[in-house]
J.: 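My questions all concern the structure below.
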Protein chains: 2
Amino acid sequence: MSTVQRSPLTRKLSAFVSLSETELATLEHLHQRSRIFVAGRDLVQQGQSKQAAYILAAGWVCSYKIQRDGSRQIVDVQIPGDFLGLRSILLRTADHSFEPITDIQAVEVLAADLLDAFAQTPRLAMAVLWAASRDEAMVVEHLVGIGRRDAGARMAHFLLELGYRLALVGMGTKAGYACPLTQHHLADALGLSAVHVNRVLRQLREGGLVTFREGHVTFNNYDRLITLAEFDPGYLDQTGPLLK
Amino acid sequence: MSTVQRSPLTRKLSAFVSLSETELATLEHLHQRSRIFVAGRDLVQQGQSKQAAYILAAGWVCSYKIQRDGSRQIVDVQIPGDFLGLRSILLRTADHSFEPITDIQAVEVLAADLLDAFAQTPRLAMAVLWAASRDEAMVVEHLVGIGRRDAGARMAHFLLELGYRLALVGMGTKAGYACPLTQHHLADALGLSAVHVNRVLRQLREGGLVTFREGHVTFNNYDRLITLAEFDPGYLDQTGPLLK
DNA sequence: CGGTGTTTTGACCACGATCAATTCTCGTGG
DNA sequence: CCACGAGAATTGATCGTGGTCAAAACACCG
C-alpha cells in the first residue's frame with residue numbers, strides 16, 4: 001500500500017537533509033543486494049559480529065535482547081524505511097538480535113561501503129547521524145515509558161507511537177492500522193507479562209479507547225488515548241531539513 | 001585526579017577514530033567557551049530549543065524527563081568526557097532536561113560550529129556518530145534493565161556500569177569510586193521509589209556485595225556482583241579505532 | 001483431526017509503592 | 001556554641017499493580 005518514490009533509505013534521509021544528485025547516486029549505489037527473510041528466523045545473533053546493516057523495505061522486525069533467565073526485552077520495532085543494525089556496524093559487535101515478525105524484504109548495506117560513502121559525501125554522514133538521533137529519541141521515550149508509566153499508559157503510548165510512525169510511511173491513519181504483533185510481542189516490548197497485556201488490552205477496549213484484535217489496531221477514541229498516554233509526537237517529527 | 005592530555009572531547013573521539021593534525025586543530029577550535037554551572041540548577045529546560053551542546057569537563061550531570069504527574073525518569077548520567085545535548089542540536093528540540101549533580105565545568109559547542117566542522121572534516125562526523133552510538137547502546141542497556149531486571153540486579157548493574165565508565169577516565173577502580181548521587185537520584189534512574197532504593201542498598205550491603213555510603217561506592221565482592229547483575233561491559237568498550 | 005501457538009479468564013501471590021515516623025547530617029543564623 | 005531547619009537516609013506497616021500458575025477456548029496448519 002505504501003508509496004515508494006525511490007528507495008526507502010533515500011526517502012528517509014531526504015526528510016533530514018536535502019541531498020544533491022551526486023549524493024543521491026552514491027546512496028542508490030549503496031544498496032544493490034536485496035534480501036528476503038522469513039518470519040521467526042533471526043537475522044543476526046546477539047553477540048555475533050557481522051559487517052552489514054539493513055534498510056527494511058517491507059515487513060516488520062523487532063530488535064531485542066535476551067537475558068540469561070530467558071526473559072526478553074524488545075528494544076524497538078522497525079517498520080518499512082527503518083534502519084536495522086546500524087549500531088552493529090559502528091560498534092563492530094551486534095549487541096542485540098533481530099526477529100522478523102513477518103516475512104520481510106531488506107536491503108543489505110555493507111559496512112565498508114557505508115564508510116566509504118561517508119568519506120565521499122560528508123552530508124550523508126550528517127543525515128545518518130540525524131536519523132540515528134531520532135532512533136535514539138524513540139528508545140529514550142520507550143525507557144521513560146517503562147520506568148515511569150503504568151501498564152495502561154504504557155500500552156496506549158506504544159500503540160500511538162507505532163500508529164504515528166506508520167502514518168509517516170503511509171501505512172496507517174488516525175483510525176488505525178494493520179499490526180502483525182502478537183500479545184506476547186507487546187509484553188516483551190513493554191516489560192509486562194503476556195497475561196497482563198491481555199487484561200490491559202481488554203480494559204482499553206472496554207473503555208472505548210482502542211481495539212487490538214486479529215492483527216488490526218483500531219483507535220476508538222484517539223484524543224482520549226493521547227491524554228491517557230500523555231503522547232507528544234515531537235520527538236518523532238521529521239519536519240524540514242536542517243541543512244539545505 | 002584524572003589525566004587530561006588535550007581536552008576531554010579530543011580524548012574521547014580519539015578513542016574511536018585516530019584524527020590527523022588538521023582534524024585535531026578543527027576540534028580544538030570548537031570549544032573556546034568554557035562555562036561553569038552550579039549543582040541543582042538545570043542547564044536546559046525540557047522543550048526549549050537551544051543551539052548548543054556541551055562537553056562535560058568536570059563534575060556530574062544527569063539527563064532526565066519529567067512526566068505530567070511529577071515523576072521523573074533519569075535517562076543517563078554523564079561523567080567527565082561525555083556529551084551533553086548532542087541530540088538537542090540535531091533534532092533542534094531539547095527533548096529532555098539536564099541537572100548538574102555537582103558543580104560542573106562544561107565546554108560549549110555551538111550547533112553551527114559543529115555542523116561546519118562536520119562539513120570540513122567528514123571523519124569528525126564519523127567519530128561523533130560513533131560516540132553517539134555508544135551512548136545509545138548505554139540507553140538500550142538501561143532500557144533492558146528497567147524492563148526485565150528486578151530491583152537488586154538493576155541496582156547492581158547500574159553501579160557496575162558507572163564504575164566501569166569512571167575507570168575509563170581514571171576516576172574509579174574495581175575497588176570503588178566517589179559518587180555524588182543521592183538515593184533519590186538512583187530511584188529516578190532505576191524506575192524505583194527512593195524508599196525501595198534504600199532497602200535494596202541495604203540488602204546488597206548486608207550481602208557483602210557493594211556499599212553505597214557517604215558519597216562513595218565500594219565494591220565488596222566485584223565478581224559476585226557481576227554475576228548478580230549479568231554485567232557484560234562489551235557495549236562500553238572503546239577499543240581501538242575502526243578507521244586508521 | 002491431533003498439534004502447536006495465541007488468546008482469554010480466574011485464583012493467588014509478591015515485589016515494590018505509598019504513607020508515616022525517626023534519625024542523621026550539615027549549613028545557617030541567633 | 002547551640003538552636004533551628006532542610007534534605008537525606010533509614011525503618012516499619014500496609015496496600016496494590018502486575019506476575020505466576022493453571023486451565024480452557026480458539027485458531028491455523030499439516
Side-chain angles (χ1 to χ4, degrees), chain A residues 38-41 60 62 67 69-74 99-103 145-156 158 179-207 210-218 228, chain B residues 38-41 60 62 67 69-74 99 101-103 145-156 158-159 179-207 210-218 228:
Chain A
V38 298
R41 176 115 14 119
W60 292 45
C62 69
Q67 307 285 107
D69 69 3
S71 66
R72 169 168 101 148
Q73 178 64 51
I74 292 182
E99 179 201 320
I101 291 166
T102 65
D103 290 353
I146 291 188
R148 290 298 183 205
R149 278 195 271 264
D150 68 20
R154 221 182 286 179
M155 177 68 74
F158 183 81
C179 174
L181 299 173
T182 66
Q183 292 185 9
H184 201 88
H185 283 125
L186 292 178
D188 286 346
L190 300 174
L192 299 170
S193 68
V195 173
H196 200 60
V197 161
N198 186 281
R199 283 193 253 267
V200 170
L201 286 175
R202 175 153 55 98
Q203 281 174 245
L204 292 176
R205 180 170 5 102
E206 290 174 353
V210 62
T211 308
F212 180 97
R213 187 160 269 182
E214 290 158 20
H216 205 274
V217 173
T218 309
L228 173 65
Chain B
V38 299
R41 176 119 10 122
W60 292 45
C62 69
Q67 307 285 108
D69 68 3
S71 66
R72 169 167 100 149
Q73 177 64 51
I74 292 181
E99 178 201 321
I101 292 167
T102 64
D103 290 353
I146 291 187
R148 290 297 183 205
R149 279 194 271 264
D150 68 20
R154 222 183 286 180
M155 178 68 74
F158 183 81
L159 296 178
C179 174
L181 300 173
T182 65
Q183 292 185 7
H184 200 88
H185 282 124
L186 292 178
D188 286 346
L190 300 175
L192 300 170
S193 69
V195 173
H196 199 62
V197 161
N198 187 282
R199 284 193 249 269
V200 170
L201 286 175
R202 175 153 55 96
Q203 281 177 10
L204 292 175
R205 181 169 5 101
E206 290 174 352
V210 62
T211 308
F212 180 96
R213 186 159 269 182
E214 289 155 22
H216 205 273
V217 173
T218 309
L228 172 65

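The basis for the numbers below is simple: all heavy atoms, side chains too, and nothing from hydrogens, waters or symmetry mates. In the text below, chain A, chain B and the rest are named by the order of the sequence lines, each starting its count at 1.
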J.: Does anything in residues 184-196 of chain B form a side chain to side chain donor-acceptor pair (under 3.5 Å)? List the pairs, not counting sequence neighbours.
T.: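 Applying side chain to side chain donor-acceptor pair (under 3.5 Å) to every pair that reaches into residues 184-196 of chain B, excluding sequence neighbours, yields R148(A)-D188(B), R72(B)-D188(B), E99(B)-H185(B), T182(B)-H185(B).
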J.: Reading nucleotides 5-22 of chain C 5' to 3', which nucleotides get B (base under 4.0 Å from a protein heavy atom), which S (sugar-phosphate only), which -?
T.: --SBBBB----BSBB---
J.: Just wondering, do L204(A) and L228(A) contact through their side chains at under 4.5 Å, heavy atoms?
T.: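 Yes, at least one pair of side-chain atoms sits under 4.5 Å.
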J.: Would you give me the side-chain donor-acceptor pairs under 3.5 Å for residues 210-217 of chain B, sequence neighbours excluded?
T.:
from    : atom 1 : to      : atom 2 : distance (Å)
T211(B) : OG1    : N220(B) : ND2    : 2.6

J.: With distance as the sole test, does D150(B) use its side chain to make a donor-acceptor pair with the main-chain N or O of A153(B) at under 3.5 Å?
T.: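 Yes, the answer is positive, given that a donor and an acceptor are paired below the 3.5 Å cut-off.
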J.: Tell me the interatomic distance from D69(A), atom CG, to dG19(D), atom P, rounded to whole angstroms.
T.: 14 Å
J.: Using the salt bridge (Lys or Arg N to Asp or Glu O under 4.0 Å) criterion, which residues pair with R154(A)? Sequence neighbours excluded.
T.: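 R154(A): no salt bridge (Lys or Arg N to Asp or Glu O under 4.0 Å) contacts found.
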J.: So which atom in V200(A) and which in A151(A) form the shortest heavy-atom distance, rounded to 0.1 Å?
T.: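 Reported closest heavy-atom pair: CG2-CB, 3.7 Å.
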J.: Can you find a heavy atom in the side chain of L201(A) that is under 4.5 Å from one in the side chain of L186(A)?
T.: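 Yes, side chains in contact.
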J.: What pairs with D103(A) under side-chain contact (heavy atoms from CB on, under 4.5 Å), at least two apart in sequence or on another chain?
T.: V38(A), A39(A)
J.: How sharply is the helix from dC1(C)-dG30(D) to dG30(C)-dC1(D) bent, taking the axes over five pairs at either end and rounding to 10 degrees?
T.: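 Computed angle between terminal axes is 30°.
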